[in-house]
Asker: 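Just dropping this structure here.
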Amino acid sequence: LGSRPPLPVSEGLRVIYAEAFRGCTALKSVTLPSTLREIGECAFADCPNLSEIVLNEGLRYIGYRAFGSSSDDEEEMVFNAKLTSVNIPSSVYYLEGEIFLGCTNLTEITGGEGIEECGSNPFGWNVPAFSHAEVSADGTPLPFKVHKIGKIVLGFQGLCPTRLPAADFGDALMIADNAFDADYGPSVSNLVSLALPDTIQIIGWSAFNGASSLVDIDFGGNSSQMHI
């Protein structure tokens, strides 16, 4: 496919199953139809030259490592430096984990307004679009910012404050796995007080691991609907 036109996937298609196009190393561009509802695990994994992905409204589910590396071992990982931006349709409501793992120049992920739930580390730990870092590449301190897509809190950048008010989480339904995990990003050891909005229904695995100074949690009166 190296010098051929982009891969058009026909209207009428509803599901692309696991590993359907895994390892298509010459593949450069994919345009998916509005009839497509589900992209399976590793469906377009290990495609290092894939530089354009067009996802249309109608898509509901994106599977584990769908467009990323099928392996997380750094010696075996297939890196993609070509993909720089992706728009997630508002019709997508669920993301599995690490869907862009190894896409090391993916700096812009837009859309995703309809996302309500996700698997662990939905985009991948080495995707820069939602970097969990305290300083920039040149050492400049980054401003504190909670990373959020759709109704999911993914994590944060910058120095974690001593207090996190409910307003910082907006109308989120879920705090993703490892979102504020000190093992995966900046330290949360100085976090003393945490307030969650009453919209939160799911708090993920190790979401606040390492918050050793946390003494006060306000669950916003929504504990009866919350899954921890």
Asker: Any side-chain heavy atom of L55 sitting closer than 4.5 Å to one from I62?
Answerer: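 SC-SC contact between L55 and I62 confirmed.
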Asker: If you take all heavy atoms of G58 and S91, which pair is closest and at what distance?
Answerer: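 The answer is N-OG, 2.8 Å.
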Asker: Judged by atom type as modelled, is there a donor-acceptor pair below 3.5 Å linking the side chain of N80 to the main-chain atoms of G102?
Answerer: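 Flag not set: sc N80 to bb G102 has no pair under 3.5 Å.
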Asker: Using 0.5 Å steps for rounding, measure from the OG atom of S206 to the CG atom of D181.
Answerer: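 Spacing of OG (S206) from CG (D181) equals 5.0 Å.
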Asker: Between L101 and M77, is any pair of side-chain heavy atoms under 4.5 Å apart?
Answerer: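 Yes. Closest side-chain heavy atoms under 4.5 Å.
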Asker: Enter the distance from F44:CZ to E19:CD here, rounded to the nearest 0.5 Å.
Answerer: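 With rounding to 0.5 Å, CZ (F44) is 13.0 Å from CD (E19).
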Asker: Could you note down all residue pairs passing salt bridge (Lys or Arg N to Asp or Glu O under 4.0 Å) where residues 110-132 supplies at least one of them, sequence neighbours left out?
Answerer: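 Found none.
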Asker: Is a donor on one side and an acceptor on the other found under 3.5 Å between the side chain of D46 and the backbone of V78?
Answerer: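 The answer is no, because no donor-acceptor pair under 3.5 Å joins these two groups.
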Asker: Not counting sequence neighbours, which residues clear ring-ring contact (aromatic ring centres under 6.0 Å, His included) with F156? List them please.
Answerer: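 Result, ring-ring contact (aromatic ring centres under 6.0 Å, His included) vs F156: F144, F180.
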Asker: What is the minimum heavy-atom distance between N56 and P89, and which atoms define it?
Answerer: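 Smallest interatomic distance, heavy atoms only, reads O-CG, 3.4 Å.
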Asker: Could you see if L159 belongs to whatever hydrophobic cluster contains L154? Use Ile, Leu, Val, Met, Phe, Trp, Tyr and a side-chain cutoff under 4.5 Å.
Answerer: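 Per the 4.5 Å side-chain linkage, L159 and L154 are not co-clustered.
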Asker: If you measure only the distance, is there a donor-acceptor pair under 3.5 Å linking the side chains of N178 and N121?
Answerer: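 No, no side-chain donor-acceptor pair sits under 3.5 Å.
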Asker: So which heavy atom on A166 is nearest to which on P197, and how close?
Answerer: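 For A166 and P197, the tightest heavy-atom pair comes out as CB-N, 3.7 Å.
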Asker: Evaluate the ring planes of F208 and F169, with Trp represented by its six-membered ring, and classify them as parallel (under 30°), tilted (30 to 60°) or perpendicular (over 60°).
Answerer: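 Rings of F208 and F169: perpendicular, over 60°.
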Asker: Would you say that I39 contacts I99 through its side chain, given a criterion of any heavy-atom pair below 4.5 Å between the two side chains?
Answerer: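 The answer is no, as the side chains (C-beta and beyond) never meet within the 4.5 Å cut-off.
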Asker: Taking all non-hydrogen atoms of both residues, which atom of S189 and which atom of S212 are closest, and how far apart?
Answerer: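 Where S189 meets S212 most closely, the heavy atoms are CB-OG, 3.8 Å.
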Asker: Taking F67 as the fixed residue, which of F100, F21, F123 is the one that meets the side chain to side chain contact (heavy atoms under 4.5 Å, CB included) rule?
Answerer: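 So, applying the side chain to side chain contact (heavy atoms under 4.5 Å, CB included) to F67 and each of F100, F21, F123, only F100 qualifies.
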Asker: Would you mind listing every salt bridge (Lys or Arg N to Asp or Glu O under 4.0 Å) that reaches into residues 31-42, with sequence neighbours excluded?
Answerer: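 Found none.
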Asker: Minimum heavy-atom separation for A133 and L142, please, with both atom names.
Answerer: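 Heavy atoms of A133 and L142 come nearest at O-CD1, 3.6 Å.
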Asker: Rounded to the nearest 0.5 Å, how far apart are CD1 of I16 and CG of L32?
Answerer: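 Answer for the CD1-CG pair, I16 versus L32, is 5.0 Å.
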Asker: Looking only at heavy atoms, which two atoms of D177 and W205 are closest? And how far apart?
Answerer: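 Closest approach of D177 to W205, heavy atoms only: OD1-N, 2.8 Å.
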Asker: Can you tell me how far the CG atom of L164 sits from the OG atom of S193, to the nearest 0.5 Å?
Answerer: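 If I round to the nearest 0.5 Å, the distance is 8.5 Å.
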Asker: Is there a chain of hydrophobic side chains (I, L, V, M, F, W, Y, each step under 4.5 Å between heavy atoms) that links V188 to I217?
Answerer: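 Yes, same cluster.
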Asker: Evaluate the side-chain proximity of L191 to P161: yes if any heavy-atom separation is below 4.5 Å, no if none is.
Answerer: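 A side-chain contact is absent here, since even the closest heavy-atom pair is not under 4.5 Å.
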Asker: For N190 and T162, run side chain to side chain donor-acceptor pair (under 3.5 Å): C-alpha distance rounded to whole Å, both residues' side-chain angles, the deciding distance at 0.1 Å, then the answer.
Answerer: CA-CA 5 Å; N190 60 332; T162 57; over 6 Å; no
Asker: Do L36 and L27 share a hydrophobic cluster (ILVMFWY, side-chain heavy atoms under 4.5 Å, transitive)?
Answerer: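 Cluster IDs for L36 and L27 match.
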Asker: Which side-chain hydrogen bond (donor to acceptor under 3.5 Å, both in side chains) pairs, counting each pair once, include a residue from residues 122-148, with sequence neighbours left out?
Answerer: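 For residues 122-148: S136-D138, D138-T140, K148-D171.
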Asker: Here's a test for you: under side chain to side chain contact (heavy atoms under 4.5 Å, CB included), which of L194, I203, I200 qualifies with F219?
Answerer: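 That would be I203; it is the only one of L194, I203, I200 passing the side chain to side chain contact (heavy atoms under 4.5 Å, CB included) with F219.
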Asker: So, the side chain of T199 versus the backbone of L173: is there a donor-acceptor pair under 3.5 Å, distance only?
Answerer: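 Side chain of T199 to backbone of L173: no pair is present.
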Asker: Any side-chain heavy-atom pair from L50 and L83 closer than 4.5 angstrom?
Answerer: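 Contact flag for L50/L83 side chains = no.
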Asker: Given the rule that I, L, V, M, F, W and Y join up when any side-chain heavy atoms are under 4.5 Å apart, are I88 and M174 in one cluster?
Answerer: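 Linked, I88 and M174 end up in one cluster.
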Asker: By the salt bridge (Lys or Arg N to Asp or Glu O under 4.0 Å) test, which pairs, at least two apart or in different chains, include something from residues 77-106?
Answerer: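 Non-adjacent pairs meeting salt bridge (Lys or Arg N to Asp or Glu O under 4.0 Å): R65-E98.
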Asker: Can V30 be reached from L106 by stepping across I, L, V, M, F, W or Y side chains whose heavy atoms are under 4.5 Å apart?
Answerer: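 Result: yes, single cluster for both.
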Asker: Please list, chain by chain and in numerical order, all residues satisfying ring-ring contact (aromatic ring centres under 6.0 Å, His included) with Y93, sequence neighbours excluded.
Answerer: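 For Y93 there are no ring-ring contact (aromatic ring centres under 6.0 Å, His included) partners, ignoring immediate neighbours.
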Asker: About how many Å separate CG of N105 and OG of S51, when rounded to the nearest 0.5 Å?
Answerer: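 That separation rounds to 12.0 Å.
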Asker: Do T110 and S85 have side-chain heavy atoms sitting under 4.5 Å apart?
Answerer: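 They are not in side-chain contact.
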Asker: Find the distance between CZ (R163) and CG (L214) and round it off to the nearest 0.5 Å.
Answerer: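 Answer rounded to 0.5 Å: 11.0 Å.
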